[in-house]
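To start, the structure under review is shown below, and the notes come after it.
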Amino acid sequence: MDNVQLLNYINQSLNSGASIILSMGNFNQETYEQAKKEARTVFGEMKETENLYEGLTVKCLQTEKANLYFNVWQV
């Protein structure tokens, strides 16, 4: 299942009343930007937050019912 299929499945679940917190995995900055674009295509506008750790940024894209977490490694 590719990212867009996964995100569409999540969105369908949310439309049926579910809410979700999901770790999307590990990304570099380039692959994160692509994943963020895909998520916004499926979910619409999303709030972006981040927490910094040693060499790692944990970014979260949020809607009212979804929190998608991404581990973004800095090169």
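FYI, the numbering just counts along the sequence from 1.
Among Leu22, Thr41, Leu68, the single residue meeting the side chain to side chain contact (heavy atoms under 4.5 Å, CB included) criterion with Leu7 is Leu68.
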Next item on the list: Show the numbers, then the answer: is there a side chain to side chain donor-acceptor pair (under 3.5 Å) between Glu38 and Gln34?
Entry: CA-CA 6 Å; Glu38 292 170 350; Gln34 179 61 38; 3.3 Å; yes
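Between atom CD1 of residue Ile10 and atom NZ of residue Lys65 there is a gap of 14.5 Å, rounded to the nearest 0.5 Å. Atom CG in Leu61 sits 9.5 Å away from atom CG in Asn67 (nearest 0.5 Å). Atoms OH and CD, from Tyr69 and Glu50 in turn, are 13.0 Å apart once rounded to the nearest 0.5 Å. In this structure, CG in Asn8 is found 11.0 Å from OG in Ser13, a value given to the nearest 0.5 Å. With rounding to the nearest 0.5 angstrom, the CE atom of Met46 is 7.5 Å from the SG atom of Cys60.
A donor atom on one side chain and an acceptor atom on the other are found under 3.5 Å apart for Glu33 and Gln29.
In this structure, Arg40 and Glu48 have side chains that are in contact, with non-hydrogen atoms separated by less than 4.5 Å. Phe43 places a side-chain heavy atom less than 4.5 Å from the side chain of Leu14. Side-chain atoms of Tyr53 and Asn71, non-hydrogen and from C-beta on, never get closer than 4.5 Å to each other.
Contact between Asn28 and Thr31 at its shortest, heavy atoms only, is OD1-N, 2.8 Å. Nearest approach of Glu45 to Thr63, heavy atoms of both residues: O-CG2, 4.3 Å.
By the criterion of side-chain heavy atoms lying less than 4.5 angstrom apart, applied directly or through intervening Ile, Leu, Val, Met, Phe, Trp or Tyr residues, Leu52 is not grouped with Phe70; the two fall into different hydrophobic clusters.
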